[in-house]
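Before any comments, here is the structure.
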There are 2 protein chains.
Amino acid sequence: MAVPSGPVAASTEAERAMFDFVDAYDRAYETAAVRHGLTAAQACVLGRLADPRGMRELADELGCDASNVTQIIARLETRDLVRRRTGPHDRRSRQIVRTPAGSTLYADFEESFAFARSAISQLSPAEQDQLATLLRKALGR
Amino acid sequence: MAVPSGPVAASTEAERAMFDFVDAYDRAYETAAVRHGLTAAQACVLGRLADPRGMRELADELGCDASNVTQIIARLETRDLVRRRTGPHDRRSRQIVRTPAGSTLYADFEESFAFARSAISQLSPAEQDQLATLLRKALGR
DNA sequence: GGTAGATGCTTTATCCACTCAAGCATCATG
DNA sequence: CATGATGCTTGAGTGGATAAAGCATCTACC
């Protein structure tokens, strides 16, 4: 199952709409990743490597165990999408760097992940602002 | 990693807001599931069993292989959250039924999945309508 | 300066989700 | 009744995720 969300008995129309939207987003993300020979997790990690990052940093951002990141990075590394280099100041630490191949692949992935773009394109500029504002407000930010 | 989504280089503020929202939703769903001793996939399946359903039906809804559903249901069954009974008209088919324990657990899960409710509660009724409308429109529906 | 504990990452074991290929039972059709 | 389609399960294999243990290095303190 690509999608963690499920049909909670959404009591209001707004809740249902939220659910459907999240569901569609997740499926589209997964699909775009698979189209490029990536898993969702791999695409997600690749996307965070616009600049070099440490393992700890990645693990914290993803909210998962460091050993999990170790494995995901290892798989990406065997495909030359990513390189591990020892940190400059602390030899325990690793700097994860996206290779050119990794950057290209990620750019392709992003290009093909049309969901967000196409969702946006359904809305007028004013509606886009409204949506962004409402989502932020709903998030309490 | 609980969250399939990643920080696509969202070009617009609306895209960023969408991403953050989906990310938060997914994390909250996963967290609520774990709190009840469920995985996200299990919670998702349990949620679809308000009424009895066949395996094929579930697999189609989830967009995954039937054998995957077989396994998820098997795990739920060993915990007595679900029961498998042979279909009335076709003895090959199975009707999956939530047990009382399953229904109770799912109700608890749903109750504790406060994300959607709390997101909604940040908005006025008019804003809720607006959001629902915008999300539907963004989905092209 | 050397030891103790903290930190950064990896390894190993284990579980679950997921897919694919086979297989079994049953149904529907000729 | 045989043939093929359908509904589900089994088995093998991959990957994501956690937990526990380990290794290397750094930091602080005596």
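Here is how names work: the chains are called A, B, and so on, in the same order as the sequence lines, proteins then strands, and each is numbered from 1.
Distance CD (Q42(B)) to C1' (dA17(C)): 10 Å, rounded to an integer number of Å. Between E30(B) atom CD and dT18(D) atom P the separation is 8 Å, expressed in whole Å. Atom-to-atom, CG of L58(A) to C1' of dG16(D) comes out at 15 Å; the value is rounded to the nearest Å. Rounded to whole Å, atom C1' of dT14(C) lies 12 Å from atom CZ of R75(B). Atom CG of N68(B) is separated from atom C1' of dG13(D) by 14 Å (rounded to the nearest Å). The nearest whole Å value for the distance from the CD1 atom in I73(A) to the C1' atom in dG15(D) is 14 Å. Going from atom NE2 of H89(B) over to atom C1' of dC27(C) covers 14 Å, rounded to whole Å. The nearest whole Å value for the distance from the CG atom in L81(A) to the P atom in dG15(D) is 13 Å.
Under 4.0 Å is where a charged nitrogen must lie from a carboxylate oxygen, and between D60(A) and R56(A) at least one such pair does.
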message: Protein within reach of the bases, or only the backbone? For nucleotides 6-13 of chain C, mark each nucleotide 5' to 3' as B, S or -, using heavy atoms under 4.0 Å.
response: BBSSBB--
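Along DNA chain D, the nucleotide nearest R91(A) and the nucleotide nearest T39(A) are compared for position; the residue whose nucleotide lies closer to the 5' end is T39(A).
Taken from CG in L135(B) to CG in L131(B), the straight-line distance is 4.5 Å, to the nearest 0.5 Å.
Ring geometry for F109(B) against F113(B) counts as parallel: the plane angle stays under 30°, on a 0 to 90° scale with 60° as the upper cut.
Between the side chains of R91(B) and T86(B), not a single donor N or O lies within less than 3.5 Å of an accepting N or O.
Scanning all heavy atoms of the two residues, the minimum distance from A14(A) to A132(B) falls at CA-CB, 3.8 Å.
The listed nucleotides are dT18(D), dT19(C), dC16(C); the one nearest the side chain of C64(A) is dT18(D).
For F21(A) and F115(A), the gap between ring centers is short of 6.0 Å.
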